[in-house]
Amino acid sequence: MRPSPQCLAPGFFRRSLDELKRLSNYALKLEGLKSPRTPFPLVHFEQPDDVQRCKRMSDRDIGGASTAAIDFHPVTQTEPPHMRFHGTISTELPQNQPHIQRTGYAGWRTLDRGSTIFGKSLWDVSLYAYLAIHFKSDGRKYFVNVQTESIVPTDIHQHLLHAKAPGEWETILIKWSEFVRTNHGQVVEPQREILTQKVRTVGISLIDRIPGPYDLSISKVWATNATSDDDILAGVTGNIGDALTR
């Protein structure tokens, strides 16, 4: 019997081992019977390689002039390790492509996590009430994007990344139930509950179409029930209520 190309793909066995460890801990702690207290990490930008697990996007992919860059920044005395997402938004339309009528966007998302011996590697955050993000914003209108293994693969669930203190590090908590189903940037009906059992990717986009520079830093993205065991909420906000989006 020969192993399939999928099994020989780089990282397959490492991902399978990680998933086995996660499922084992899940069973040993009986977390399926209660709401877990410890946070569930999705994206932590702690090492340069963590940035390589993300894909940047902009209208330059279709001939536009907006730019998007993602850089890793190590920990300092005043900042945590983080990924900086920055560039310039342009609404200039590409020449000789009359079918393109709209530009002026940029974004990034995590890459698909590949396969394991248990199947496609997806995040199951169904036991958590919130998506949490530790970030520093320039105050522009960013959106958080969540893609799931849904029937319509182009569906994206979105929520505004509301910055209460632009230029400073802060944490936001977004209820999974408050994400809005969209397709190609437009709200679609009927609205369906986000499939939190099968989250494929998370990311952030800027679609305000306001020309000029933008700059957003992300330290961590995780699922949480906002308990006292979630150290970063206590350490960053001092009050869980301060992080809750309205």
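Both backbone and side-chain heavy atoms feed into the values below; hydrogens, waters and symmetry mates do not.
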* **Modelled atom types, side-chain donor and acceptor of S228 and R37, under 3.5 Å** => yes
* Check the angle between the aromatic planes of Y214 and F85 and answer parallel, tilted or perpendicular using the 30° and 60° thresholds. => tilted
* Using only heavy-atom distances, determine whether the side chains of D124 and S126 contain a donor-acceptor pair under 3.5 Å. => yes
* Is a side-chain N or O of D138 found less than 3.5 angstrom from the main chain of D215, in a donor-acceptor match? -> yes
* Do T224 and D230 pass the side-chain hydrogen bond (donor to acceptor under 3.5 Å, both in side chains) test, and can you show the C-alpha distance, the side-chain angles, and the key distance before you say yes or no? -> CA-CA 7 Å; T224 182; D230 201 335; 2.5 Å; yes
* Mark yes or no for whether R53, through its side chain, and L111, through its backbone, hold a donor-acceptor pair below 3.5 Å. => no
* Between R181 and E193, is there a salt bridge with N-O shorter than 4.0 Å? -> no
* Structure fact -> Nearest heavy-atom contact between I62 and R102 is CD1-O, 4.3 Å
* **Residue list, side-chain hydrogen bond (donor to acceptor under 3.5 Å, both in side chains) with S58, at least two apart or on another chain** => none
* Asked: Name the one of I207, T91, D208, L206 that satisfies side chain to side chain contact (heavy atoms under 4.5 Å, CB included) with Y105?
  -> I207
* **For D71 against V51, the heavy-atom pair lying closest together** => C-CG2, 4.3 Å
* So if you build clusters from Ile, Leu, Val, Met, Phe, Trp, Tyr with side-chain heavy-atom gaps below 4.5 Å, do F40 and L195 land together? -> no
* Side chain to side chain, I172 and L161, heavy atoms closer than 4.5 Å -> yes
* Could you give me the CA-CA distance, side-chain angles and deciding distance for I89 and I210, then say whether side chain to side chain contact (heavy atoms under 4.5 Å, CB included) is met? => CA-CA 7 Å; I89 293 296; I210 299 176; 5.9 Å; no
* Asked: Should R109 and N145 count as side-chain neighbours, where that means a heavy-atom distance under 4.5 Å?
  -> no
* Report the residues that fulfil side-chain hydrogen bond (donor to acceptor under 3.5 Å, both in side chains) with W176, sequence neighbours left out, ordered by chain and then residue number. => none
* **C54 side chain reached by W108 side chain, heavy atoms, under 4.5 Å** => yes
* Determine whether W123 and T196 make a side-chain contact, defined as any pair of heavy atoms from C-beta on separated by less than 4.5 Å. => no
* Plane angle bin for H134 and W169 - parallel if under 30°, tilted between 30 and 60°, otherwise perpendicular -> tilted
* Rounded to the nearest 0.5 Å, what separation is found between the CD1 atom of I100 and the CG atom of L93? -> 8.5 Å
* Asked: Does F179 have its ring centroid less than 6.0 Å away from the ring centroid of H159?
  -> yes
* **Residues which pass side-chain hydrogen bond (donor to acceptor under 3.5 Å, both in side chains) with S150, listed by chain and number, not counting sequence neighbours** => none
* CA sep, side-chain torsions, deciding dist, call: K164, E170, side chain to side chain contact (heavy atoms under 4.5 Å, CB included) -> CA-CA 8 Å; K164 296 182 178 180; E170 56 183 304; 3.6 Å; yes
* Heavy-atom side-chain contact between N225 and P36 under 4.5 Å -> yes
* To do: Please check if atom CD in E92 has more than 12 non-hydrogen atoms from other residues, nucleotides or ligands closer than 6.0 Å.
  => no
* Heavy-atom distance under 4.5 Å between the side chains of V188 and V152, does that happen here? -> no
